[in-house]
Structure formats: C-alpha cells, structure tokens
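Atoms within each ligand, like the ligands themselves, are counted from 1 in listed order. Throughout, residue positions are numbered sequentially from 1 according to the sequence presented.
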Amino acid sequence: MPEQLIVSISGMRGIVGENLTDSIAADYGRAFGTFLKSSKLKTQNSKLISVCIGRDSRSSGPMLASAVASGLCAVGIDVVDLGLVPTPTVGVMVTHLGCAGGVIITASHNPVQYNGIKLLLGNAMAPPADAAGQIKQLFVDKRFDSVDSTRCGKVASNEQADATHIEKVLAIVDREVIAAKGFRVVLDSVNGAGGGITKKLLAELGCRVSAINDEPTGRFAHTPEPIAENLTDLCAAVKSEGAEIGFAQDPDADRLAIVDEAGRYIGEEYTLAMAAKYVFSKQAGKAATNLSTSRMIDDMAEEAGCEVIRTPVGEANVAAAMLEHNCVIGGEGNGGIIDLRVGPIRDSLVGIALVLQLMAETGKSVSELVEEIGGYYMTKEKFPADSSQAQEILDRARRTFINARLDTSDGYRFDFDDGWVHIRSSNTEPVMRAIVEAKDRSIAQGYIDAVMKIRSEVLN
Ligand code: MG
C-alpha cells in the first residue's frame, strides 16, 4: 500500500513527487493563509499580514517553499523568504518580524525522499488542536480565499535571520566566560540546515571548530536521526581532533545530541539534563517536559529545589506548558531544548550555548558532568495495535501496575519509586510505544517484560 500523506497538528509530511507535490503545497499555503486572514480579521482589521518561510537543505525545499509562497500570495498574504535556515530560526523571525505565522519546509530526521510543511502561528508555536483542525478542513475542502490582482501578496527575501537568531542565543549566556575557555568542538550537521549558522555561533563563543557534514546539500551524510548508531564518524572525529565535545544536529537543527571528550555518544536525554542543570544553577523556576522524558530532569530540579511539569508528548504541548507556568527551561528527551528567552521552540543552538556555559562555569568535562548527573537505563519498544487493542493493553497495564502513581494525560504513565513506565498510542500511525526507565537495568527489564507480556496476551 502506498504511504499516505500525513496531515497532523504540526503540519504535513509526505514523499515528494508521490503524495507531496507542488499543487498540494500551494493548496496548503492557501489554506493556511485563508485561516490566518479569518482569525486576524476577528482580532484586528486591515493590518497587513505576512508569513515567513524557511527550509532545511533537502533539494525539494526550494520547490515546496515557492509553492507554499504562491498559495499564500494568492490569498493576499506577503511572504518573507528566509531561505535555508534551521526550524528554530523561523520561530525567532516570526516573533522578531511580527509575522502572523511561519512555515518551515522540513521532514526533520526522516530520510531524504520525505519532506514536510510545518506551520507556526504568530506566537512561534504550532497551531493548537482546534486551529490545526480548521486549517486541515480548509485544505481538504479546498475552501480558499482569493484576491484580485491588486491585492496579491509579494515575496521579499530577508538575509538577517542567522544574525538575529545568534544574537538572541548569545543574550542567554556569558560569551566572555565561554570564549575564555577556547573549547575545541566538533560539529556534525548531517549536511542539513544547521551547519552555517552553528559555525557562526561557535565562532562568536570563541570555540575552535572542526565541522563535518556542514555543507547544506541535503545529501545526508548518514541516517539523519542523531542517535548513537548514526554518529560513529562524529565520535571518531572528536577523538582524532582531541576535542572537548562533539555536537550532532538533525537536518532542521532543532535537536541536539552530545559526544563526550573520549568520543562516546552520551545519549540525547543528557542534552536536556545538562541544559537544565545550568539554568537551575542561575535561576530557580519550573521546567516542563513530556511524559516520555528521563527522570534526570527531575533530579536536576530536586537538587535546585525546583519543580517539573509533565505534558503529553509533542513539542507544542511542552511549549504551551512552559508559557502557562512561566518555565525557565523545558524540552524533550530527544535532545530538543526550549528556552523561552529565545523562543517557544526546540533549538539546538540554545542547547549548544547552555551546555558550553555549564562546562565553562564548572570547569568540568562532559564525562564528569554525565557522572555527576547520574544515569538511568531506558528501554523502548514499539508494536502495532489498533485502538481497541491499545485500550485493552492500557487497561491490563493499569491492573498490573496497581501500586504506581498514574498519569492518564497521554496514554498511561506509571511512576514507581525505582522507575517508570509510559505506554501510549502514536498520533501518526497505528502503533503503541512503551518506554521504561529505572536506575537498575534489571528493574527496567522487569518493567518492559511485563509490558511485552501484556502485549502478547492482547494481540494473540
Ligand atoms: Mg527536527
């Protein structure tokens, strides 16, 4: 069966030329523009509306960006073309330029044949569920606004995106303190959108940088997800260069993974823990993260007398909780760090700056910081389950883990003193994910075995 175009809360994703084409992208641009105009009219009349567009390095990016721009112009919206930029840079520019929305052409860590269209509202966040539903309906029904030739939108390019983003990131750290260390850094941008801007940021921070895969060709040098098995070249380069740290970004540079000074991949969960450790050392406050993220952030918060808010999985949920609770730091265990001083969006540049600041101020190496933060064993499983099977699995898990503290806001998360289990259905495919974490490997194994036993009972 051919894969379907996925239209979800955060936008659409598909295979270019199969189910994601120029005409689909133009229609999506028109739907988004129609939505923005109608919602804007309710609040303030007559103000000109503009939307900024950025793209990652995939070769289909310019074609899709032009198509979305033409759809927006056709409904009378001006477009600010940011060109090739990371996803968080678009978020920064939406706010900076006072745009009504933003569009990012990216399929994040998916293989190169995919691309996607992510939408942001004027607050630099993905549309909430009701707004996303309205945009999707306008797209499906092809109910588009149109304007006459005198009111068509225009496209103008803006070259200030990198500089604006870097300035905002530099404002949250002490550049002199970091620069005084002259850190030796290896950066792997997987030939995505992160290479150019991140090298500029690292230069501002006085780092001596060796970059690999830093050409934005869209020919990904390895499987793009920044996980251990894909980062063997980075690990080797950190060793051979004698670097103090290695950074890996995904193609749209919203996620960050770290390699220590011995060339060991430390795991994406540590990115948020390290960022939180630094931020909490400066400022007491709340953190927000999703239910599938490691307890390391709870440990960092406890040490600082701070609180962690847990949300359903999804960047927009974490960002919304951060705004609601005025959080000083937040993000996801997949290496996505959010600092509201820069923007309500996952940002690898923010992660890099905060981690370097932590190293500079403590004088500790990555491995020493990892040791200090401590670790957990995390195990993940994914299996097919339709909605009734999924509910049956959740019900049985609830009867099995009867002594746990239960959170039902996104599947079920069971918390024990010695670990936790999170079981939830995917938002985009008919599968369930089970994630467990414990201090002790055998305890983690015991929890995942219990979940897989329930799965077998229900699916057989
Ligand atoms: Mg990404």
request  = Evaluate the criterion side chain to side chain donor-acceptor pair (under 3.5 Å) for residue pair Asn213 and Asn191; output intermediate values, then yes/no.
outcome  = CA-CA 5 Å; Asn213 311 321; Asn191 295 332; 4.6 Å; no

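Of all heavy-atom pairs between Ala301 and Phe280, the closest is CA-CE1, 3.6 Å.
The N, O or S atom of Asp254 lying closest to the Mg ion (ligand 1) is OD1.
The side-chain heavy atoms of Ile393 and Phe383, taken from C-beta on, include a pair separated by under 4.5 Å.
Ionic pairing of Arg255 and Glu225 is present here: one or more N-O contacts between side-chain nitrogen and carboxylate oxygen are shorter than 4.0 angstrom.
For residue Ser108, an N/O/S atom approaches the Mg ion (ligand 1) to within less than 2.8 Å.
Put simply, the angle at the Mg ion (ligand 1) from OD1 in Asp252 to OD2 in Asp250 is close to 90°, to the nearest 10°.
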